[in-house]
Amino acid sequence: MLKAVRGTRDLLPPETALWNFVEAAVRDVFRAYNFHEIRTPIFEETQLFSRAVGEETDVVSKEMYTWEDRTRAESEKGQSLTLRPENTAGVVRAYIEHKLWDRGLNKLYYIGPQFRRERPQKGRYRQFYQIGAEMLGPATAGSESPARDAEILELLATLLDRLGIENWTLELNSIGCANDRAKYNEALRKALEPVAAKMCADCQRRAVTNPLRVFDCKVPEDQPIIEELPRISQYLDEPCRKHFEQVQEILNAVGVAVHVNDRLVRGLDYYTRTAFEFTHGALGAQNAILGGGRYDGLSEMLGGPSAPGIGFAIGEDRLVLALKENAEAVQPKPDVYIAPLGAGMDREAARLARELRRHDLIAELGDETFRLKKSFEVASKLGARFILIVGENEVKAGAFALKNLESGEQVSVARAELARKIQAGH
RNA sequence: GUGGGAGUAGCUCAACUGGCAGAGCAUCGGACUGUGGCUCCGACGGUUGCGGGUUCGAUUCCCGUCUCCCACCCCA
(Lines give C-alpha, C1' and ligand atoms only; values in the text may rest on other atoms or scores of the structure.)
Protein backbone atom coordinates (compact mmCIF):
# COMPACT_ATOMS: atom_id res chain seq x y z
CA MET A 1 0.00 0.00 0.00
CA LEU A 2 1.19 3.50 -0.76
CA LYS A 3 1.73 5.55 2.33
CA ALA A 4 2.70 9.09 3.18
CA VAL A 5 6.49 9.11 3.39
CA ARG A 6 8.22 8.92 6.72
CA GLY A 7 7.84 12.02 8.82
CA THR A 8 5.03 13.43 6.70
CA ARG A 9 1.33 13.08 7.37
CA ASP A 10 -2.13 13.91 6.18
CA LEU A 11 -4.10 16.42 8.17
CA LEU A 12 -7.72 15.35 8.03
CA PRO A 13 -11.01 16.77 9.22
CA PRO A 14 -11.91 17.38 11.96
CA GLU A 15 -8.32 18.23 12.90
CA THR A 16 -8.02 20.67 10.01
CA ALA A 17 -10.73 22.74 11.69
CA LEU A 18 -8.32 23.20 14.57
CA TRP A 19 -5.57 24.30 12.17
CA ASN A 20 -7.91 26.78 10.55
CA PHE A 21 -8.94 28.09 13.93
CA VAL A 22 -5.29 28.63 14.86
CA GLU A 23 -4.45 30.34 11.59
CA ALA A 24 -7.48 32.60 11.70
CA ALA A 25 -6.67 33.68 15.26
CA VAL A 26 -3.04 34.25 14.34
CA ARG A 27 -3.90 36.40 11.33
CA ASP A 28 -6.24 38.39 13.50
CA VAL A 29 -3.51 39.10 16.04
CA PHE A 30 -0.98 39.99 13.35
CA ARG A 31 -3.51 42.40 11.92
CA ALA A 32 -3.78 44.23 15.23
CA TYR A 33 0.01 44.65 15.32
CA ASN A 34 0.09 45.80 11.70
CA PHE A 35 2.02 42.82 10.38
CA HIS A 36 1.54 41.83 6.76
CA GLU A 37 1.88 38.48 5.08
CA ILE A 38 4.83 37.43 2.97
CA ARG A 39 5.05 34.20 0.99
CA THR A 40 8.48 33.08 -0.07
CA PRO A 41 9.30 30.04 -2.24
CA ILE A 42 9.31 26.65 -0.66
CA PHE A 43 12.77 25.98 -2.09
CA GLU A 44 15.75 28.26 -2.49
CA GLU A 45 19.35 28.10 -3.54
CA THR A 46 21.22 25.91 -1.10
CA GLN A 47 23.80 28.56 -0.30
CA LEU A 48 21.13 30.84 1.16
CA PHE A 49 20.71 28.43 4.04
CA SER A 50 24.35 27.45 4.42
CA ARG A 51 25.29 31.11 4.70
CA ALA A 52 22.41 32.30 6.89
CA VAL A 53 21.81 29.35 9.17
CA GLY A 54 25.44 28.30 9.32
CA GLU A 55 27.46 25.59 7.62
CA GLU A 56 28.31 23.93 10.92
CA THR A 57 24.80 23.73 12.32
CA ASP A 58 22.98 20.41 12.42
CA VAL A 59 20.21 21.84 10.29
CA VAL A 60 22.52 22.59 7.41
CA SER A 61 25.10 19.88 7.80
CA LYS A 62 22.75 16.93 8.02
CA GLU A 63 19.06 17.79 7.87
CA MET A 64 18.42 19.51 4.55
CA TYR A 65 16.62 18.12 1.54
CA THR A 66 19.04 19.18 -1.17
CA TRP A 67 19.24 18.21 -4.83
CA GLU A 68 20.86 19.36 -7.99
CA ASP A 69 18.39 20.91 -10.40
CA ARG A 70 18.12 19.50 -13.90
CA THR A 71 19.66 21.66 -16.56
CA ARG A 72 18.16 22.42 -19.94
CA ALA A 73 21.25 23.58 -21.72
CA GLU A 74 24.62 21.94 -21.33
CA SER A 75 26.13 25.29 -20.73
CA GLU A 76 23.94 25.74 -17.64
CA LYS A 77 25.35 24.28 -14.52
CA GLY A 78 22.94 22.37 -12.32
CA GLN A 79 21.94 24.59 -9.45
CA SER A 80 21.97 23.20 -5.94
CA LEU A 81 18.51 23.71 -4.49
CA THR A 82 17.11 23.00 -1.03
CA LEU A 83 13.66 22.71 0.51
CA ARG A 84 13.55 25.47 3.08
CA PRO A 85 14.39 24.20 6.59
CA GLU A 86 13.24 27.51 8.08
CA ASN A 87 11.84 30.75 6.73
CA THR A 88 13.86 33.64 8.15
CA ALA A 89 16.60 33.27 5.55
CA GLY A 90 14.05 33.43 2.74
CA VAL A 91 12.42 36.53 4.17
CA VAL A 92 15.73 38.32 4.53
CA ARG A 93 16.68 37.27 1.00
CA ALA A 94 13.42 38.80 -0.24
CA TYR A 95 14.11 41.91 1.83
CA ILE A 96 17.41 42.38 0.06
CA GLU A 97 16.18 41.36 -3.40
CA HIS A 98 13.24 43.77 -3.36
CA LYS A 99 15.05 46.54 -1.50
CA LEU A 100 12.43 46.59 1.21
CA TRP A 101 14.55 49.01 3.28
CA ASP A 102 12.77 51.77 1.38
CA ARG A 103 9.72 50.94 3.42
CA GLY A 104 11.37 51.58 6.77
CA LEU A 105 10.53 48.98 9.39
CA ASN A 106 9.09 45.85 7.78
CA LYS A 107 6.67 43.79 9.81
CA LEU A 108 6.12 40.54 7.98
CA TYR A 109 4.57 37.21 8.87
CA TYR A 110 4.36 33.86 7.14
CA ILE A 111 2.56 30.56 7.57
CA GLY A 112 3.82 27.53 5.74
CA PRO A 113 5.60 24.20 5.57
CA GLN A 114 9.30 23.72 6.31
CA PHE A 115 11.41 20.63 5.78
CA ARG A 116 14.09 18.95 7.82
CA ARG A 117 15.29 15.42 7.51
CA GLU A 118 15.32 14.39 11.14
CA ARG A 119 14.16 11.28 12.89
CA PRO A 120 10.44 11.80 13.50
CA GLN A 121 8.91 11.71 16.94
CA LYS A 122 6.03 13.36 18.74
CA GLY A 123 5.88 17.02 17.74
CA ARG A 124 8.61 16.59 15.17
CA TYR A 125 8.00 15.91 11.51
CA ARG A 126 10.02 16.09 8.34
CA GLN A 127 7.43 18.36 6.81
CA PHE A 128 6.29 20.64 9.59
CA TYR A 129 4.51 23.95 9.70
CA GLN A 130 5.76 27.21 11.07
CA ILE A 131 3.98 30.43 11.78
CA GLY A 132 6.59 33.12 11.96
CA ALA A 133 7.14 36.83 11.89
CA GLU A 134 10.05 39.12 11.23
CA MET A 135 10.58 42.77 12.06
CA LEU A 136 13.50 44.21 10.18
CA GLY A 137 14.74 47.35 8.50
CA PRO A 138 17.40 50.03 8.76
CA ALA A 139 18.42 50.96 12.29
CA THR A 140 17.11 54.46 11.59
CA ALA A 141 13.64 52.91 11.36
CA GLY A 142 13.96 51.71 14.94
CA SER A 143 14.65 48.09 14.09
CA GLU A 144 17.37 47.76 16.67
CA SER A 145 15.36 49.14 19.54
CA PRO A 146 14.61 46.95 22.56
CA ALA A 147 11.03 48.14 22.12
CA ARG A 148 10.82 45.89 19.06
CA ASP A 149 11.94 42.85 21.06
CA ALA A 150 9.40 43.61 23.74
CA GLU A 151 6.68 44.15 21.16
CA ILE A 152 7.34 40.77 19.57
CA LEU A 153 7.31 39.02 22.92
CA GLU A 154 4.17 40.77 24.05
CA LEU A 155 2.51 39.81 20.76
CA LEU A 156 3.36 36.18 21.39
CA ALA A 157 2.01 36.27 24.93
CA THR A 158 -1.19 37.79 23.59
CA LEU A 159 -1.43 35.17 20.89
CA LEU A 160 -1.01 32.21 23.22
CA ASP A 161 -3.54 33.65 25.65
CA ARG A 162 -5.92 34.30 22.81
CA LEU A 163 -5.66 30.68 21.69
CA GLY A 164 -6.45 29.55 25.20
CA ILE A 165 -3.07 27.97 25.75
CA GLU A 166 -2.25 27.91 29.42
CA ASN A 167 0.87 27.10 31.37
CA TRP A 168 3.35 28.51 28.93
CA THR A 169 6.68 29.89 30.09
CA LEU A 170 8.71 32.57 28.38
CA GLU A 171 12.40 31.77 28.63
CA LEU A 172 14.52 34.77 27.83
CA ASN A 173 18.23 35.36 27.45
CA SER A 174 20.70 37.57 25.67
CA ILE A 175 23.52 35.90 23.83
CA GLY A 176 25.20 39.18 23.00
CA CYS A 177 26.79 40.19 19.75
CA ALA A 178 29.22 38.08 17.75
CA ASN A 179 32.14 39.65 19.56
CA ASP A 180 30.77 38.88 23.01
CA ARG A 181 30.04 35.35 22.03
CA ALA A 182 33.51 34.71 20.69
CA LYS A 183 35.02 35.90 23.97
CA TYR A 184 32.52 33.93 25.97
CA ASN A 185 33.05 30.78 23.96
CA GLU A 186 36.73 30.97 24.65
CA ALA A 187 36.20 31.50 28.36
CA LEU A 188 33.78 28.61 28.46
CA ARG A 189 36.20 26.33 26.70
CA LYS A 190 38.89 27.28 29.16
CA ALA A 191 36.61 26.70 32.14
CA LEU A 192 35.56 23.30 30.81
CA GLU A 193 39.06 22.04 30.15
CA PRO A 194 39.89 20.96 33.69
CA VAL A 195 36.42 19.62 34.55
CA ALA A 196 35.24 18.03 31.30
CA ALA A 197 36.73 14.67 32.18
CA LYS A 198 34.33 14.42 35.14
CA MET A 199 31.28 15.03 32.96
CA CYS A 200 29.05 12.80 30.86
CA ALA A 201 30.15 11.58 27.45
CA ASP A 202 27.89 14.04 25.65
CA CYS A 203 29.35 16.98 27.55
CA GLN A 204 32.89 15.88 26.89
CA ARG A 205 32.11 15.97 23.21
CA ARG A 206 30.28 19.31 23.48
CA ALA A 207 33.15 20.85 25.42
CA VAL A 208 35.19 20.51 22.28
CA THR A 209 32.70 20.97 19.44
CA ASN A 210 30.12 23.38 20.84
CA PRO A 211 30.68 24.46 24.45
CA LEU A 212 27.42 26.43 24.63
CA ARG A 213 25.50 23.18 24.29
CA VAL A 214 26.83 21.98 27.63
CA PHE A 215 24.01 24.01 29.14
CA ASP A 216 21.47 21.69 27.56
CA CYS A 217 22.79 18.80 29.61
CA LYS A 218 20.17 17.08 31.75
CA VAL A 219 22.45 14.64 33.58
CA PRO A 220 22.00 15.38 37.32
CA GLU A 221 25.62 14.66 38.23
CA ASP A 222 26.83 17.32 35.81
CA GLN A 223 24.65 20.09 37.19
CA PRO A 224 26.97 21.24 40.01
CA ILE A 225 29.76 21.61 37.48
CA ILE A 226 27.55 23.50 35.07
CA GLU A 227 26.42 25.83 37.85
CA GLU A 228 30.02 26.93 38.29
CA LEU A 229 30.63 27.75 34.63
CA PRO A 230 30.84 31.37 33.51
CA ARG A 231 27.63 32.85 32.12
CA ILE A 232 27.11 34.81 28.96
CA SER A 233 25.64 37.64 31.02
CA GLN A 234 29.10 38.36 32.41
CA TYR A 235 30.47 38.78 28.92
CA LEU A 236 27.91 41.14 27.39
CA ASP A 237 29.32 44.47 26.36
CA GLU A 238 27.65 47.64 27.64
CA PRO A 239 25.26 48.19 24.69
CA CYS A 240 24.11 44.57 24.73
CA ARG A 241 23.64 44.55 28.49
CA LYS A 242 21.63 47.73 28.36
CA HIS A 243 19.54 46.47 25.46
CA PHE A 244 18.66 43.34 27.37
CA GLU A 245 17.75 45.35 30.46
CA GLN A 246 15.42 47.59 28.50
CA VAL A 247 13.64 44.64 26.92
CA GLN A 248 12.91 43.32 30.40
CA GLU A 249 11.79 46.70 31.67
CA ILE A 250 9.21 47.09 28.94
CA LEU A 251 7.91 43.56 29.38
CA ASN A 252 7.62 44.23 33.06
CA ALA A 253 5.69 47.41 32.32
CA VAL A 254 3.17 45.65 30.08
CA GLY A 255 2.81 42.76 32.48
CA VAL A 256 4.37 39.85 30.59
CA ALA A 257 6.00 37.42 32.97
CA VAL A 258 9.56 36.52 32.03
CA HIS A 259 11.81 33.74 33.14
CA VAL A 260 15.36 34.86 32.51
CA ASN A 261 17.34 31.75 31.66
CA ASP A 262 21.01 32.41 31.14
CA ARG A 263 21.44 28.82 30.01
CA LEU A 264 19.21 29.31 26.99
CA VAL A 265 21.21 29.13 23.77
CA ARG A 266 19.88 28.99 20.26
CA GLY A 267 21.12 26.81 17.49
CA LEU A 268 21.28 28.92 14.38
CA ASP A 269 24.33 31.03 13.59
CA TYR A 270 22.50 34.23 12.81
CA TYR A 271 21.13 34.92 16.28
CA THR A 272 22.41 37.89 18.28
CA ARG A 273 21.41 39.48 21.57
CA THR A 274 17.83 38.54 22.46
CA ALA A 275 17.07 34.83 22.37
CA PHE A 276 13.83 33.31 23.60
CA GLU A 277 11.67 30.25 23.73
CA PHE A 278 8.13 29.64 24.86
CA THR A 279 7.81 26.22 26.39
CA HIS A 280 4.77 24.20 27.28
CA GLY A 281 4.41 21.10 29.44
CA ALA A 282 2.67 18.01 28.06
CA LEU A 283 4.49 18.24 24.76
CA GLY A 284 6.98 15.55 25.60
CA ALA A 285 10.63 16.16 24.97
CA GLN A 286 9.90 18.66 22.21
CA ASN A 287 8.59 21.17 24.72
CA ALA A 288 9.54 24.33 22.81
CA ILE A 289 6.39 25.57 21.19
CA LEU A 290 8.14 28.48 19.58
CA GLY A 291 11.54 30.06 19.45
CA GLY A 292 13.19 33.11 18.09
CA GLY A 293 15.57 35.94 18.57
CA ARG A 294 17.38 38.87 17.17
CA TYR A 295 19.56 38.62 14.06
CA ASP A 296 21.21 42.00 13.63
CA GLY A 297 23.92 40.85 11.24
CA LEU A 298 21.98 38.50 8.99
CA SER A 299 21.25 40.87 6.13
CA GLU A 300 24.94 41.69 5.81
CA MET A 301 25.84 38.01 5.95
CA LEU A 302 23.69 37.62 2.84
CA GLY A 303 25.25 40.57 1.06
CA GLY A 304 22.59 43.13 1.94
CA PRO A 305 22.77 46.41 3.83
CA SER A 306 22.64 46.61 7.59
CA ALA A 307 19.15 45.60 8.65
CA PRO A 308 18.79 44.66 12.28
CA GLY A 309 15.83 42.43 12.92
CA ILE A 310 14.03 40.16 15.31
CA GLY A 311 11.68 37.32 14.65
CA PHE A 312 10.24 34.06 15.81
CA ALA A 313 8.87 30.81 14.51
CA ILE A 314 6.01 28.93 16.10
CA GLY A 315 5.85 25.20 15.56
CA GLU A 316 2.28 25.00 14.36
CA ASP A 317 2.20 21.23 14.76
CA ARG A 318 3.20 21.64 18.39
CA LEU A 319 0.79 24.48 18.92
CA VAL A 320 -2.08 22.33 17.71
CA LEU A 321 -0.82 19.52 19.95
CA ALA A 322 -0.89 21.82 22.96
CA LEU A 323 -4.32 23.07 22.00
CA LYS A 324 -5.72 19.56 21.88
CA GLU A 325 -4.91 19.23 25.57
CA ASN A 326 -7.39 21.95 26.37
CA ALA A 327 -10.32 22.44 24.05
CA GLU A 328 -11.47 20.13 21.34
CA ALA A 329 -12.07 22.32 18.30
CA VAL A 330 -15.54 22.25 16.94
CA GLN A 331 -15.87 21.62 13.28
CA PRO A 332 -18.72 23.73 11.87
CA LYS A 333 -21.93 21.71 11.79
CA PRO A 334 -24.60 21.97 9.10
CA ASP A 335 -27.41 24.36 9.87
CA VAL A 336 -29.79 22.27 7.85
CA TYR A 337 -29.97 18.86 6.22
CA ILE A 338 -32.18 18.91 3.15
CA ALA A 339 -33.93 15.58 2.63
CA PRO A 340 -35.50 15.04 -0.78
CA LEU A 341 -38.15 12.36 -0.40
CA GLY A 342 -38.88 10.23 -3.41
CA ALA A 343 -38.12 10.25 -7.10
CA GLY A 344 -37.92 13.65 -8.76
CA MET A 345 -37.58 15.56 -5.50
CA ASP A 346 -33.85 16.16 -5.91
CA ARG A 347 -34.49 19.09 -8.25
CA GLU A 348 -36.55 21.00 -5.75
CA ALA A 349 -34.07 20.07 -3.01
CA ALA A 350 -31.19 21.44 -5.08
CA ARG A 351 -33.06 24.70 -5.62
CA LEU A 352 -33.68 25.05 -1.89
CA ALA A 353 -30.06 24.23 -1.06
CA ARG A 354 -28.85 26.91 -3.43
CA GLU A 355 -31.17 29.44 -1.90
CA LEU A 356 -30.29 28.65 1.69
CA ARG A 357 -26.55 28.60 1.01
CA ARG A 358 -26.89 32.05 -0.50
CA HIS A 359 -28.19 33.12 2.87
CA ASP A 360 -24.88 31.98 4.33
CA LEU A 361 -26.33 28.87 5.87
CA ILE A 362 -24.41 25.61 5.93
CA ALA A 363 -26.64 23.22 4.03
CA GLU A 364 -26.06 19.50 3.45
CA LEU A 365 -27.98 18.07 0.54
CA GLY A 366 -29.35 14.54 0.94
CA ASP A 367 -30.30 11.97 -1.63
CA GLU A 368 -33.76 11.22 -2.95
CA THR A 369 -33.16 7.48 -2.87
CA PHE A 370 -32.75 7.54 0.91
CA ARG A 371 -35.71 6.46 2.95
CA LEU A 372 -36.81 9.21 5.28
CA LYS A 373 -35.58 7.26 8.29
CA LYS A 374 -32.12 7.09 6.78
CA SER A 375 -32.16 10.80 6.03
CA PHE A 376 -32.91 11.45 9.69
CA GLU A 377 -30.10 9.20 10.75
CA VAL A 378 -27.61 10.88 8.47
CA ALA A 379 -28.77 14.34 9.54
CA SER A 380 -28.36 13.42 13.21
CA LYS A 381 -24.96 11.96 12.65
CA LEU A 382 -23.79 15.09 10.89
CA GLY A 383 -25.04 17.14 13.80
CA ALA A 384 -27.38 19.22 11.65
CA ARG A 385 -29.59 21.57 13.63
CA PHE A 386 -32.55 21.28 11.28
CA ILE A 387 -33.83 18.78 8.78
CA LEU A 388 -35.90 20.05 5.88
CA ILE A 389 -38.19 17.53 4.23
CA VAL A 390 -38.81 17.97 0.53
CA GLY A 391 -41.59 15.58 -0.47
CA GLU A 392 -44.58 15.64 -2.76
CA ASN A 393 -46.88 16.92 -0.04
CA GLU A 394 -44.58 19.86 0.62
CA VAL A 395 -44.13 20.79 -2.99
CA LYS A 396 -47.91 20.71 -3.54
CA ALA A 397 -48.58 22.82 -0.46
CA GLY A 398 -45.69 25.22 -1.12
CA ALA A 399 -44.64 24.78 2.50
CA PHE A 400 -41.96 22.48 3.85
CA ALA A 401 -41.65 20.37 6.95
CA LEU A 402 -38.82 21.81 9.02
CA LYS A 403 -37.81 19.95 12.15
CA ASN A 404 -35.45 21.14 14.83
CA LEU A 405 -33.36 18.06 15.54
CA GLU A 406 -32.35 19.25 18.98
CA SER A 407 -35.76 20.20 20.37
CA GLY A 408 -37.81 17.86 18.18
CA GLU A 409 -40.18 20.70 17.28
CA GLN A 410 -41.52 20.45 13.74
CA VAL A 411 -43.33 23.15 11.80
CA SER A 412 -44.53 23.73 8.27
CA VAL A 413 -42.72 26.71 6.76
CA ALA A 414 -43.40 28.61 3.55
CA ARG A 415 -40.52 28.68 1.12
CA ALA A 416 -39.84 32.39 1.55
CA GLU A 417 -39.60 32.03 5.32
CA LEU A 418 -37.18 29.11 5.40
CA ALA A 419 -33.86 30.96 5.63
CA ARG A 420 -35.13 33.31 8.30
CA LYS A 421 -36.61 30.48 10.31
CA ILE A 422 -33.38 28.48 10.22
CA GLN A 423 -31.24 31.49 11.08
CA ALA A 424 -33.52 32.26 14.02
CA GLY A 425 -32.88 28.77 15.34
CA HIS A 426 -29.30 29.64 16.25
C1' G B 1 22.35 9.33 12.97
C1' U B 2 22.04 6.22 18.19
C1' G B 3 19.21 3.27 21.92
C1' G B 4 14.48 1.06 23.45
C1' G B 5 9.06 -0.28 22.72
C1' A B 6 5.07 -1.36 19.34
C1' G B 7 2.57 -2.86 14.61
C1' U B 8 -3.78 -8.05 14.43
C1' A B 9 -10.91 -5.65 10.95
C1' G B 10 -12.11 1.55 9.27
C1' C B 11 -10.97 2.72 15.03
C1' U B 12 -9.58 0.80 20.20
C1' C B 13 -7.73 -3.77 21.56
C1' A B 14 -7.86 -9.56 22.83
C1' A B 15 -5.90 -14.43 21.29
C1' C B 16 -2.13 -19.19 27.54
C1' U B 17 3.73 -22.66 26.53
C1' G B 18 3.53 -22.56 18.69
C1' G B 19 -2.55 -25.61 17.55
C1' C B 20 -9.61 -23.37 13.75
C1' A B 21 -7.79 -15.18 14.04
C1' G B 22 -11.89 -12.76 18.18
C1' A B 23 -14.65 -8.62 20.89
C1' G B 24 -16.38 -3.57 21.47
C1' C B 25 -17.16 0.72 18.58
C1' A B 26 -18.02 2.25 13.50
C1' U B 27 -20.48 0.77 8.73
C1' C B 28 -24.71 -1.67 6.24
C1' G B 29 -29.53 -4.19 6.70
C1' G B 30 -33.85 -5.48 9.68
C1' A B 31 -37.40 -4.92 13.96
C1' C B 32 -40.00 0.41 12.26
C1' U B 33 -43.24 1.50 4.02
C1' G B 34 -43.26 10.20 5.57
C1' U B 35 -39.70 11.02 11.28
C1' G B 36 -33.33 10.61 14.05
C1' G B 37 -30.86 9.86 18.84
C1' C B 38 -32.19 4.69 22.85
C1' U B 39 -32.77 -0.65 22.50
C1' C B 40 -32.70 -5.56 20.22
C1' C B 41 -31.43 -8.93 16.01
C1' G B 42 -28.38 -9.88 11.81
C1' A B 43 -24.64 -8.99 8.04
C1' C B 44 -20.21 -7.03 6.04
C1' G B 45 -15.33 -6.57 7.37
C1' G B 46 -8.30 -9.87 7.77
C1' U B 47 -1.80 -10.70 2.92
C1' U B 48 -1.98 -10.59 11.66
C1' G B 49 3.03 -3.97 8.38
C1' C B 50 6.26 -6.34 4.43
C1' G B 51 10.03 -10.26 3.04
C1' G B 52 12.55 -14.57 4.39
C1' G B 53 13.74 -18.68 7.97
C1' U B 54 12.67 -22.70 11.79
C1' U B 55 8.40 -26.13 12.32
C1' C B 56 3.67 -31.22 10.75
C1' G B 57 1.74 -26.33 11.93
C1' A B 58 3.83 -19.26 13.09
C1' U B 59 -0.29 -13.57 15.16
C1' U B 60 3.15 -16.32 18.58
C1' C B 61 10.02 -18.22 17.81
C1' C B 62 14.48 -16.28 14.70
C1' C B 63 16.65 -12.81 10.87
C1' G B 64 16.01 -8.65 7.71
C1' U B 65 13.14 -4.43 6.40
C1' C B 66 9.34 -0.46 6.71
C1' U B 67 6.34 2.66 9.77
C1' C B 68 4.77 4.76 14.35
C1' C B 69 5.78 5.78 19.56
C1' C B 70 9.48 6.98 23.63
C1' A B 71 14.25 8.87 24.64
C1' C B 72 19.11 10.83 22.82
C1' C B 73 21.25 14.31 19.26
C1' C B 74 19.14 18.74 17.59
C1' C B 75 15.30 21.86 16.86
C1' A B 76 9.73 24.62 15.93
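Sequence lines set the chain letters: A, B, ... in the order given, protein chains first and strands last, and positions in each chain run from 1.
There is a side-chain donor-acceptor pair under 3.5 Å between A:Q127 and A:Y129. A side-chain N or O of A:E15 and one of A:W19 form a donor-acceptor pair less than 3.5 Å apart.
Spacing between atom CZ of A:R116 and atom P of B:C74 amounts to 14 Å, rounded to whole angstrom units. What separates CD1 of A:I338 from P of B:G36 is a distance of 20 Å, to the nearest Å. Between the CZ atom of A:F128 and the C1' atom of B:C75 there is a distance of 8 Å, rounded to whole Å. Nucleotide B:A76 holds its P atom 19 Å from the CG atom of A:L163, rounded to whole Å. Distance, A:K381 NZ to B:C25 C1': 12 Å, rounded to whole Å. One can place CZ of A:F49 at 16 Å from C1' of B:C75, the figure rounded to the nearest angstrom. At whole-Å resolution of the value, CG in A:L323 and P in B:A76 are 21 Å apart. With rounding to whole Å, A:F376 atom CZ is found 11 Å from B:G37 atom C1'.
An OP1 or OP2 oxygen of B:G30 is reached within less than 4.0 angstrom by no side-chain nitrogen or oxygen of A:K373. The side chain of A:R6 places no N or O atom within less than 4.0 Å of a non-bridging phosphate oxygen (OP1 or OP2) of B:C66.
Within the 4.0 angstrom heavy-atom criterion, only backbone atoms of the sugar-phosphate kind lie near A:I289; the bases stay farther away. Contacts of A:L290 with the nucleic acid, taken as non-hydrogen atoms under 4.0 Å apart, involve only primed sugar atoms and P, OP1 or OP2. Nucleic acid contact for A:G123: base, since at least one base atom lies under 4.0 Å from a heavy atom of the residue. Contacts of A:F370 with the nucleic acid, taken as non-hydrogen atoms under 4.0 Å apart, are absent. Residue A:G383 is classed as having no contact, given no heavy-atom separation below 4.0 Å to the nucleic acid. Using a 4.0 Å heavy-atom distance criterion, A:R318 is classed as a base contact. At the heavy-atom level, A:A379 lies nowhere under 4.0 Å from the strands shown.
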- Query: Just by protein heavy atoms under 4.0 Å, how would nucleotides 1-12 of chain B read 5' to 3' in B, S and -?
  - Reply: BBBB--------
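Side chain A:S380 to base B:G37: no donor-acceptor pair is found below 3.5 Å.
The pair A:K333-A:E364 does not count as a salt bridge, with every side-chain nitrogen at least 4.0 angstrom from each carboxylate oxygen.
Here the rule is salt bridge (Lys or Arg N to Asp or Glu O under 4.0 Å) with A:D317, and of A:R9, A:K122, A:R124 only A:R9 fits it.
As rounded to the nearest Å, B:C41 and B:G4 have C1' atoms that lie 48 Å from one another.
Near-neighbour residues of RNA chain B inside residues 406-419 of chain A, defined by a heavy atom below 4.0 Å, number-ordered: A:G408, A:Q410.
Aromatic ring pairs are classed by plane angle as parallel below 30°, tilted from 30° to 60° and perpendicular above 60°; the pair A:Y109 and A:F30 is parallel.
Nearest nucleotide to the side chain of A:L405, out of B:G36, B:A76, B:C74: B:G36. In the set B:U67, B:G34, B:C69, the nucleotide with an atom closest to the side chain of A:K122 is B:C69.
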- Would you check, one step at a time, whether the test salt bridge (charged side-chain N to carboxylate O under 4.0 Å, His left out) holds for A:E355 with A:R358? CA-CA 5 Å; A:E355 216 166 283; A:R358 284 183 174 185; over 6 Å; no
